[in-house]
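Heads up: the structure comes next, in structure tokens.
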Amino acid sequence: MKNIGIFFLCIAATLVGTVGARAQKYDNGLIDKSVAVVGEEMIKISAMEEEIKVMRANGMLSDKNVRCELLEQMIISKIFLMQARIDSLSVNNDMVESSLNARLDQVRTQLGGDEEVEKIFGKPVYKLRQEWRKSLQEQSLMQQMQQKVASDIPEMTPYDVKEFIASTDPDDLPLVPAQYRLSQICLYPDREAAAVEVKEKLLSIRARIMNGEKFSTLARIYSQDPGSARKGGELGMASKTIFWTEFSDAAMALKPHVVSQIVETPDGFHLIEVLEKKGDMFNARHILIKPEYTSEDRSKAFGTLDSLRNEINSGNLSFEMAARFFSQAPASRTNGGQMADPNTGSSYFEKDQLKPADYMAISALKEGEISEPIESVDNEGRGNLVYKIIRVDKILPSHPASFEEDYDLMQNAAKEKLSKQAIDSFLEERIKSTYITIDPIFGDCEFEHKGLIGKVLR
């Protein structure tokens, strides 16, 4: 299934902390009330508890009570929101709708559908959508205002960067990890032959299901999705958006208890049986089988790569020419084999950015040396099997950041420090000048912004 890595625009999702005994009193059935006032804005217990429920639904809530830090963040959000309205900033509605749909889909999936969501939150989904849209719109304005304050600092000159370095304890300066610039020659196993073998196996399994054997039993025996196989292939009620498009399209087109034809996704090949559909959500069983490659595939690829390595090392063939003619990795072959980060475009990789097999192959090599043939994975889907040799083009050793070698890094660090100072100064001034009151039940909270402590009613 697709790992969508959803990022929620929900402040509460990042909070951890503790709360004093008095701040927990309202857990015992206290009727909803305002616990803080910020200008003309109120923060109610119900709003805080709504965020706590979202955190629980998404598995983001620690065992600790987070209400003190949650209240502080909500107060800060209100301060930025008030200023954003004064400055007439506008909401990015496309981003809000995207975040709203992602947030709702994740909660529906975690809780098992709309009915469970409505039971947990005590209101219909359409009402939650309205409330969360308003909340996300406010967060959009708040974040824009925060970015505006953070960016409202002078451009950093080389002199400023030098001053930052001089005024910073050497132990506090960033440590730049070792970086590698690499080139590769890649060969893939015979995908077609492996795919044919998987399809034949799935067709045989499908025939057995059609002849009366239970889908769930065969899923336990054959499925290579460990998470669902032990449950008879069942995935649970979930939004279609969390699956690969090919999978969700096939599932949504099926009638309940009808077994699909073979469906291919980046994970492999599937048989799907839909158990239940509700709107754009469904509960399905599946049997996943992934292509497997033979030792013959490996031996053949390793033989070719070893021959190319010998030719390159003997000077009969350049690495760049060999990559252009023999490599099957489209992203690097046209560039003479040079690897680049698909997310940033950078040609330098830190250890943690490399595939484990790739790093193991080059960790003991010097510049200009070429690894032995290895088995690794590519960047497609969850990673397809690939055989490769890797050349170490350049190594930048780990070192404390310096003005001469890491100017961009130091400039960003200096700018980040000034941005934080600008935000802290903005908040300190606004906390002093804004009408803020906090309910005494939060009197034991150790707020990070100390000015808030004086706003607690005594």
Side-chain angles (χ1 to χ4, degrees), residues 1-6 57-58 101-120 124-126 129 191-293 380-384:
M1 298 303 95
K2 181 165 58 173
N3 179 6
I4 55 180
I6 294 175
N58 289 295
N101 291 333
R103 181 177 184 177
L104 187 57
D105 284 345
Q106 186 73 0
V107 170
R108 293 161 75 202
T109 298
Q110 290 289 341
L111 296 180
D114 290 351
E115 291 179 3
E116 289 301 314
V117 170
E118 292 178 353
K119 185 187 300 182
I120 294 295
V125 170
Y126 81 86
R129 182 179 284 275
R191 295 183 182 183
E192 284 301 317
V196 168
E197 186 175 341
V198 169
K199 290 176 182 178
E200 289 177 350
K201 188 172 184 179
L202 280 173
L203 286 174
S204 173
I205 293 171
R206 188 176 189 278
R208 291 169 64 179
I209 296 170
M210 295 297 100
N211 289 329
E213 292 191 53
K214 287 187 176 181
F215 192 112
S216 57
T217 301
L218 295 177
R220 290 188 182 95
I221 297 171
Y222 295 108
S223 182
Q224 294 175 331
D225 175 12
S228 67
R230 62 177 178 269
K231 297 182 288 187
E234 188 168 347
L235 298 165
M237 185 65 73
S239 169
K240 68 178 184 180
T241 60
I242 75 165
F243 302 103
W244 295 112
T245 301
E246 303 91 335
F247 189 95
S248 57
D249 285 351
M252 292 299 290
L254 286 172
K255 293 180 180 180
H257 305 294
V258 174
V259 179
S260 72
Q261 299 296 326
I262 296 171
V263 177
E264 182 179 2
T265 73
D267 284 340
F269 297 87
H270 312 251
L271 292 177
I272 306 169
E273 178 190 12
V274 171
L275 303 177
E276 182 182 7
K277 287 195 286 187
K278 290 183 179 179
D280 63 352
M281 300 185 71
F282 63 83
N283 181 16
R285 291 191 183 103
H286 80 133
I287 296 172
L288 167 67
I289 299 182
K290 304 175 182 181
E292 295 181 358
Y293 305 102
E380 296 180 23
R382 295 184 189 275
N384 295 313

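No hydrogens, no waters, no symmetry mates; every other heavy atom, side chains included, goes into these values.
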Where is the tightest heavy-atom contact between [X] and [Y], given as atom of each residue plus distance?
| X | Y | answer |
| --- | --- | --- |
| Pro266 | Asn384 | O-OD1, 4.5 Å |
| Ile272 | Leu254 | O-CD1, 3.6 Å |
| Ala229 | Ala219 | CB-O, 3.8 Å |
| Lys240 | Met252 | CD-CG, 4.2 Å |
| Glu292 | Ala194 | O-CB, 3.6 Å |
| Thr109 | Met281 | N-CE, 4.1 Å |

Review point. Under the 3.5 angstrom rule, does the side chain of Ser248 hit a backbone N or O of Thr245 as a donor-acceptor pair?
Key: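 Yes; at least one donor-acceptor contact below 3.5 Å.
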
Nearest-0.5 Å distance, [atom1] of residue [X] to [atom2] of residue [Y]:
| X | Y | atom1 | atom2 | value |
| --- | --- | --- | --- | --- |
| Ile287 | Leu202 | CD1 | CG | 7.5 Å |
| Ile221 | Ile205 | CD1 | CD1 | 9.0 Å |
| Glu200 | Ile289 | CD | CD1 | 12.0 Å |
| Ser228 | Leu288 | OG | CG | 7.5 Å |
| Arg206 | Leu203 | CZ | CG | 8.0 Å |
| Leu111 | Ile120 | CG | CD1 | 6.0 Å |

Review point. Phe243 vs Phe282 aromatic rings, parallel, tilted or perpendicular, using cut-offs 30° and 60°?
Key: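 The rings of Phe243 and Phe282 lie parallel, inter-plane angle below 30°.
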
Point to revise | Aromatic plane relationship, His270 with His286 - under 30° parallel, 30 to 60° tilted, over 60° perpendicular | key: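 It falls in the parallel class, under 30°.
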
Could you check if a side-chain atom of [X] sits within less than 4.5 angstrom of a side-chain atom of [Y], using non-hydrogen atoms only?
| X | Y | answer |
| --- | --- | --- |
| Leu235 | Phe247 | yes |
| Lys278 | Glu115 | yes |
| Leu275 | His257 | yes |
| Arg285 | Lys231 | no |
| Val125 | Glu118 | yes |

Set of residues satisfying side chain to side chain contact (heavy atoms under 4.5 Å, CB included) with respect to [X], sequence neighbours excluded:
| X | value |
| --- | --- |
| Lys199 | Ile262, Phe269 |
| Glu213 | Arg208, Leu218 |
| Pro256 | none |

Within the supplied structure, the quantity of interest is the number of heavy atoms (other residues, nucleotides, ligands) at a distance under 6.0 Å from [X] [atom1]; does it exceed 12?
| X | atom1 | answer |
| --- | --- | --- |
| Glu197 | CD | no |
| Glu246 | CD | yes |
| Gln224 | CD | yes |

**Study point:** Sole residue of Lys277, Glu234, Glu276 in side chain to side chain donor-acceptor pair (under 3.5 Å) with Asn283
**Key:**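 Single pass found, and it is Glu234.
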
Exercise for review: Walk me through it: do Arg129 and Asn101 pass the test side chain to side chain contact (heavy atoms under 4.5 Å, CB included)?
Suggested key: CA-CA 9 Å; Arg129 182 179 284 275; Asn101 291 333; 3.0 Å; yes

Point to revise | Ionic contact status for Asp114 with Arg108, cut-off 4.0 Å | key: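 A salt bridge is present here (some side-chain N lies under 4.0 Å from a carboxylate O).
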
